[in-house]
Each structure stands twice: as C-alpha cells, then as structure tokens.
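I have placed the structure first, in the form of structure tokens, so that the comments after it can refer back to it.
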Amino acid sequence: MVGCCIAAQIARRLSRRLLSPEGIVPVLMNEAIAAAELCACCFELIIVADNFGVATYAIFLFLLTIWWGKVWGDASACPYTHMEDVLEGRTSFKEMALRTWAELMGGCCVYRIVQVFWWLEFAETHKGRAFEECNADLQVSPYLGAAIEGVATLLCRLASKTLSVKDPKFSSYIDSFIGTSLVVAAFNFSGGYFNPVLATALKWGCRGHSNLEHIIVYWIGACLGALLSVPIFKIPVVKRFLLGEEKAKQA
C-alpha cells in the first residue's frame, strides 16, 4: 500500500510538470491517478481483511482516507461527487461524464499492474492471488444491498457537508472515522464500497452477482444516496439538526 501511494505521488508530480495547468486534461489526469491509487490500495486492503481481520482493515482504511484527503487536491475518484456538482450547478454534464470516464480508466486499468505484483509474490499473502477467481461481497438481495449502499452513502455525504460548513478542528479525521465506521458496518452485507468506481474495479464480473445486480447495488444505490443528500441537506429541520441554529442561518 505504501508503494501504491508513493507511485501515485510520483505520477502526480510528473503530471504537473508535463501537462499545462490550463484546460480539462490535467483535471482528468488527476482523477485517473487518484482512482488508480484508491483501487490499488483497496486491492491490498482485501488481502489485509482476509488475513488479519476487519479491525486491521479498518485501521489501514482510516489512515489511507486521511492521506488521500491531503494529497488528492480537487480529485475525488468518485462519480457521484460530480453528479452532485451538476445538480447544484457547479459543473457541466460534460465535465461530470469526462471525470467519471477518467476515474473508471484509472481504477480499472490499475488491476493489471496489481496483478503483476501479486504474480511476483513478494509477500506471503500474495501467493495464489494473481489468477484466482473473485467472489462478490454482496451477501444480501440486490435491492437490500442497494438500500444499504444508498443509505450509507447518504449518511457519508451529509456528514461531509456538515463538516465542510462547521469546519471543526480535526475535521478530516472525523470525516474519515465516520466513513470507515460505515464501511465496517456494511462490510458483511454489501461490502461497504460507497463508490461506484471502486466497486466496479474490484468486483465487476465476480462470481455471486450478475452485472445488472452490480449496477443496481453499487451504481444506482450509491449515486441515489449521494444525490438525495443535496436536497435533504437543504431542508431547514435537517440543517438545524446538523449545524445548529446559528450555523444553519449563516449557511
């Protein structure tokens, strides 16, 4: 995982040196690198969970989420954040589609690099991993799985919006803790991905669900949850509950 983060940092530096800061290309490159880093690290996190348990997995995920928040810049490696921006008029549909495409390319293509490292078996835990058949994490019906991914994503997005307005001390740590806790809560039901690109890179085509079921759970469920967070956050009662009276009036 450390190697993945270092490689991504090198790629970001090279991208800034070689590409003009103007236009959409550096934005798309930043999204692709972030998605590749996210998915590469999460491939390793699967091995951590299988060998050392969910508690160890959660600790690494918590630390990685803090790291990503510090180094990704304006990249999110997650399509529904751009969908929210379209809904609120902050970006165009074209840019949302391009960013999503870049994230899918970065996230899905990095598997071949990860597979090579697994094939080389540098670590004991990599033995036999490179070509083994993958299994879906969905342990409930697709519709229940979509509801779990949707509700958890909704809660994640509401927490992030609340923290961005209130801006408390250690807000990034709080946000990471909330996100990690929700992932662990959903881990044995839907896998707790809350990110369509991540779920597609890690579990598309795996045994245990059809491609349509995958789309229903990890794309429709998560994206609906995120999009619902936009109008729900604007409801006065919800705003007062999350922000308090004074902050709610200012927001």
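Predicted model, so just to flag it, every value in this text is computed and none were measured. These values consider heavy atoms only, across backbone and side chains, with no hydrogens, waters or symmetry-generated copies.
- Here the OH-CZ distance, from Y57 to F52, works out to 15.0 Å after rounding to the nearest 0.5 Å.
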Dump the intermediate steps for side chain to side chain contact (heavy atoms under 4.5 Å, CB included) on S15 and N30, then the final yes or no.
CA-CA 8 Å; S15 174; N30 198 26; over 6 Å; no

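- A 6.0 Å sphere centred on CZ of F62 holds more than 12 heavy atoms belonging to other residues, nucleotides or ligands.
- For E103 and R99, the salt-bridge test fails: no basic side-chain N is under 4.0 Å from an acidic carboxylate O.
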Show, in sequence, the C-alpha distance, side-chain angles and deciding distance for C41 and C5, and conclude whether the disulfide (SG to SG under 2.5 Å) test is met.
CA-CA 8 Å; C41 288; C5 294; 3.9 Å; no

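- Taking CG of L242 as the reference point, atom CG of L158 lies at 6.0 Å (rounded to 0.5 Å).
- Taking OG from S172 and CH2 from W67, the interatomic distance works out to 13.0 Å, rounded to the nearest 0.5 Å.
- Rounded to the nearest 0.5 angstrom, F60 CZ and L45 CG are separated by 8.0 Å.
- Screening F194, W204, Y193 against Y218 for a ring pair (Phe, Tyr, Trp, His ring centres under 6.0 Å) leaves a single residue, Y193.
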In sequence, state the C-alpha distance, the side-chain angles, and the governing distance for D85 and E95, and then conclude on side chain to side chain contact (heavy atoms under 4.5 Å, CB included).
CA-CA 10 Å; D85 288 341; E95 182 170 336; over 6 Å; no

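- Heavy-atom minimum distance, T65 versus S176: CG2-OG, 3.5 Å.
- The aromatic rings of W118 and F43 stand perpendicular to each other, their planes meeting at an angle above 60°, with 30° marking the opposite boundary.
- The structure places CZ of R13 at 12.0 Å from CD1 of I33, a figure rounded to the nearest 0.5 Å.
- The closest donor-acceptor contact from the side chain of S229 to the backbone of A226 lies under 3.5 Å.
- Under a 4.0 Å N-O distance rule, the pair E37/R12 qualifies as a salt bridge.
- We find that K161 and D175 are not joined by a salt bridge, their nearest charged nitrogen and carboxylate oxygen being 4.0 Å or further apart.
- Rounded to the nearest 0.5 angstrom, R157 CZ and L228 CG are separated by 13.0 Å.
- E88 has a carboxylate O that lies under 4.0 Å from a charged side-chain N of K234, or vice versa, which qualifies the two as a salt bridge.
- The main-chain N or O of N188 is never found under 3.5 Å from a side-chain atom of D137 such that the two would form a donor-acceptor pair.
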